[in-house]
Amino acid sequence: MNEQSSAKGRWLWAVITILFAGSPLVMNGAEAEGKRPNIIFVYADDHAYQAIQSYGGWLSEYAPTPNIDRLASEGMLFRECYVSNSICGPMRSVVQTGKYSHLNGFYRNGQRFDTSQQTFPKLLQEAGYQTAIVGKWHLKAEPVGYDYYHVLYGQGPYYNPAMRTPDGRVEHTGYTTDVITDEALKWLKSKRDQDEPFMLMYQHKAPHRNWQPGPEQLSLYDDVTLPEPATLFDDYAGRAGPVKNQKMMIAKHMNKGDLKLRVPGDLNETQRYPWNAAYRPKNEAFRQQNLEGKELVRWKYQRYLKDYLRCIASIDANLGRLLGYLKKSGLAENTVVVYSSDQGFYLGEHGWFDKRWIYEESLRTPLVVRWPGVTEPGSENSQIVSPVDFAPTFLQMAGAEVPSDMQGRSLVPLLQGKRPNDWRESFYYHYYEYPGAHSVRRHYGVVTDRYKLVHFYREGEWELLDLKANPKETKNYYGEAKYQEVQERLKTELKRLQKDLKVPADQTKLY
Ligand code: CA
């Protein structure tokens, strides 16, 4: 660690401490003594906000999230956190850099992150923070900017993961969500310097496809019939061509592994026994029913969603272990805990699983922040925020400078209960991974609190969505006379955002 920059970080923090000395909400015990907060960034993979109880909605009553809900009741819940490119690797690169895909160079999964560029963990190190990442990294290159890393190779399996460390490959036995938590706790307890502030990225593989539950959740929800979303049997009437021509339908595109009609390959013999005991009778009952048509779709939906929620139950229980340790060790008081996911996910809405689209369920991602002494417990925020804001936020929390080339904006004022007058009122979205898994065509668009204007620019097709008139996003109003003025206004705003964000004018040249 660079001693000079560490001193610079402390100096900056001292200035901030003086600046906010008059604000009782900002200061509390540890901070008043000039101690910078620790940051734990909990990141799930594909965790839909619909599957968190505090977000409310059609499924929330079944969401197994008491610990995430506890964080929300002790902190702030953001209702409108929008991702800029709804897929794993690209959003992780956005978080690292505070920049959109077209500037950080990571457009689609499978690319290698350019670790030579500016990232927030590097800047935190310069500011005197210890940085660590445990769990999913998913950016191919060796992690840079971390004093410690213990990460999955690629996606990683649900059971018995091998993990990458500076000392080489480490083999683990157990359920990956548990393993990641064990390793995060080990670092917190005994592998870090107890005298310096830290930033820990605690990042799960779950609940990513193919949604394999842990040993303790194999039978959870067995006696329950989960509710169905209103658009499970969406017919896509009147929608743009790409909406109809995707490959992410529960009805058509789930395989036997997704549906647990075969035993996953990553289980060892000991793990296979409880797995088979749980799934065999359920699968036998399914086969005897010979379901067809809508009833078959309904069965697939129940199987999918139960497994998905089982994975989340394990994430939440493990988060509970981590929060328990923070409390017991006294760290909780001066540690910011952030819960989020790399993007949202379809839980049967429009008949889909997966993500990628600008539409609600994959655009919006959960964001809950507990910052003792700063965020008002149980508060909610409805401003448009984004993971592009995370890097500037972490830097400001640490009292470090936010570089002017970052495109996001620090959420610290919002966390303090203020709303800057010039906060964004529209948001730019851009998805690139086509050709690719699930065949979602490239599109960009602008999002406001009410409308979305979407351009499938290779097909030359547009959509205009009105969330007020049609919250389930089943209608396309593009070209309707009634929407002419709104449409023109949104086109102008789209162009403005593309210019401001330095999106290359020639889309064919992107990656
Ligand atoms: Ca993801």
Side-chain angles (χ1 to χ4, degrees), residues 25-26 42 44 47-61 63 65 68-84 86 91 94-95 98 336-345 347 349 357-371 374-394 396-397 407-429 445-454 465-473 486 489-490 493 497:
L25 192 62
V26 178
V42 193
H47 191 168
Y49 62 88
Q50 311 92 293
I52 292 177
Q53 205 155 97
S54 8
Y55 275 89
W58 62 277
L59 185 65
S60 61
E61 150 185 11
T65 53
I68 301 171
D69 298 331
R70 181 176 133 207
L71 273 187
S73 70
E74 294 170 355
M76 184 177 278
L77 179 140
F78 288 83
R79 291 220 163 258
E80 309 293 332
C81 183
Y82 300 162
V83 299
S84 54
S86 186
M91 283 320 295
V94 166
V95 168
V336 184
V337 180
V338 177
Y339 188 91
S340 188
S341 167
D342 56 351
Q343 13 63 212
F345 214 68
L347 303 182
E349 297 93 347
W357 305 97
I358 193 173
Y359 311 126
E360 286 297 272
E361 292 80 6
S362 50
L363 173 75
R364 286 171 61 188
T365 200
L367 176 62
V368 176
V369 182
R370 183 180 79 179
W371 189 357
V374 176
T375 52
E376 194 188 327
S379 54
E380 286 199 6
N381 189 293
S382 296
Q383 299 305 314
I384 298 175
V385 304
S386 169
V388 76
D389 301 325
F390 292 177
T393 304
F394 296 146
Q396 197 185 352
M397 282 172 173
Q407 296 182 302
R409 197 166 165 181
S410 168
L411 303 177
V412 169
L414 301 180
L415 290 165
Q416 292 168 336
K418 302 171 199 154
R419 182 196 182 279
N421 289 332
D422 57 348
W423 196 261
R424 68 170 74 85
E425 286 176 359
S426 65
F427 182 78
Y428 181 69
Y429 180 87
V446 56
V447 182
T448 69
D449 60 352
R450 176 168 174 184
Y451 300 106
K452 288 177 194 173
L453 181 72
V454 191
L465 306 173
D466 180 348
L467 276 286
K468 195 174 169 194
N470 176 230
K472 301 273 188 281
E473 298 184 311
V486 173
R489 192 154 36 90
L490 290 169
E493 182 62 3
L497 286 169

Pair V338, V368 - check side chain to side chain contact (heavy atoms under 4.5 Å, CB included), show working. CA-CA 6 Å; V338 177; V368 176; over 6 Å; no
Go through the structure and list residues passing salt bridge (charged side-chain N to carboxylate O under 4.0 Å, His left out) with E380, not counting sequence neighbours. R79
Treating S340 as the side-chain partner and L367 as the backbone partner, does any N or O pair qualify as donor plus acceptor under 3.5 Å? no
Straight-line distance of M91 CE to D342 CG, nearest 0.5 Å: 8.0 Å
What pair of heavy atoms forms the shortest contact from P387 to C81, and how long is it? CD-SG, 3.8 Å
Atom pair CG/OG of L77 and S54 - distance to nearest 0.5 Å: 5.5 Å
Tell me every residue that passes side-chain hydrogen bond (donor to acceptor under 3.5 Å, both in side chains) with R489, counting only those two or more places apart in sequence or in another chain. none
Can Q343 and S86 be counted as having a side-chain donor-acceptor contact under 3.5 angstrom? no
Of all residues at least two apart in sequence or in a different chain, which pass the side-chain hydrogen bond (donor to acceptor under 3.5 Å, both in side chains) check with S426? E493
Could you give the distance from CD (E80) to OG (S382), rounded to the nearest 0.5 Å? 6.0 Å
When you compare the side chain of R424 with that of D389, does any pair of heavy atoms fall below 4.5 Å? yes
Sorted by chain and number, sequence neighbours left out, side-chain hydrogen bond (donor to acceptor under 3.5 Å, both in side chains) with W423 holds for none
By side chain to side chain contact (heavy atoms under 4.5 Å, CB included), N470 pairs with (sequence neighbours left out) T474, K475, Y477
Is the shortest side-chain heavy-atom distance between V446 and Y429 below 4.5 Å? no
Can you find a pair of side-chain heavy atoms, one from V454 and one from W357, that are under 4.5 Å apart? no
Please tell me if the side chains of L415 and F78 come closer than 4.5 Å, counting only heavy atoms from C-beta onward. yes
Flag side-chain contact, heavy atom, 4.5 Å: I384 against V447: no
Is the shortest side-chain heavy-atom distance between S362 and F345 below 4.5 Å? no
By side chain to side chain contact (heavy atoms under 4.5 Å, CB included) - contacts of E360 (at least two apart): Y49, L363, R364, K452, L467, E473
Set of residues satisfying salt bridge (charged side-chain N to carboxylate O under 4.0 Å, His left out) with respect to D466, sequence neighbours excluded: R450
List in chain and number order the residues that pass ring-ring contact (aromatic ring centres under 6.0 Å, His included) with F394, two or more places apart in sequence or in another chain; answer none if no residue qualifies. F41, F120
Do side-chain atoms of T393 reach the backbone of L411 as a donor and acceptor pair under 3.5 angstrom? yes
Report yes or no: do E349 and Q50 form a side-chain donor-acceptor pair below 3.5 Å? yes
Could you work out, with side-chain hydrogen bond (donor to acceptor under 3.5 Å, both in side chains) as the rule, every residue matching Y339, not counting sequence neighbours? H47
Can you name the nearest heavy-atom pair linking R419 to L414, along with the distance? CA-CD2, 4.1 Å
In Å, rounded to the nearest 0.5 Å, how long is the span from OG of S341 to CD1 of I52? 8.0 Å
Note: T375 and V369 closest approach over all heavy atoms is OG1-O, 3.9 Å
Check the pair Y82 / I358 against side chain to side chain contact (heavy atoms under 4.5 Å, CB included), numbers first and verdict last. CA-CA 9 Å; Y82 300 162; I358 193 173; over 6 Å; no
Could you report the tightest heavy-atom contact between P392 and S410, atom names first, then the distance? CB-N, 3.6 Å
Taken in chain and number order and not counting sequence neighbours, the residues that satisfy salt bridge (charged side-chain N to carboxylate O under 4.0 Å, His left out) with E61 are none
Criterion side chain to side chain contact (heavy atoms under 4.5 Å, CB included) on R370 and V336, from CA distance to verdict: CA-CA 6 Å; R370 183 180 79 179; V336 184; over 6 Å; no
Are V385 and F427 close enough that some pair of their side-chain heavy atoms sits under 4.5 Å apart? no
Which residues pass the ring-ring contact (aromatic ring centres under 6.0 Å, His included) test with Y451, not counting sequence neighbours? none
Heavy atoms, side chains only, cut-off 4.5 Å: are Q416 and V374 in contact? yes
Report the residues that fulfil side chain to side chain contact (heavy atoms under 4.5 Å, CB included) with D422, sequence neighbours left out, ordered by chain and then residue number. R409, P420
Nearest heavy atoms of Q53 and T65, plus distance in Å: N-OG1, 3.0 Å
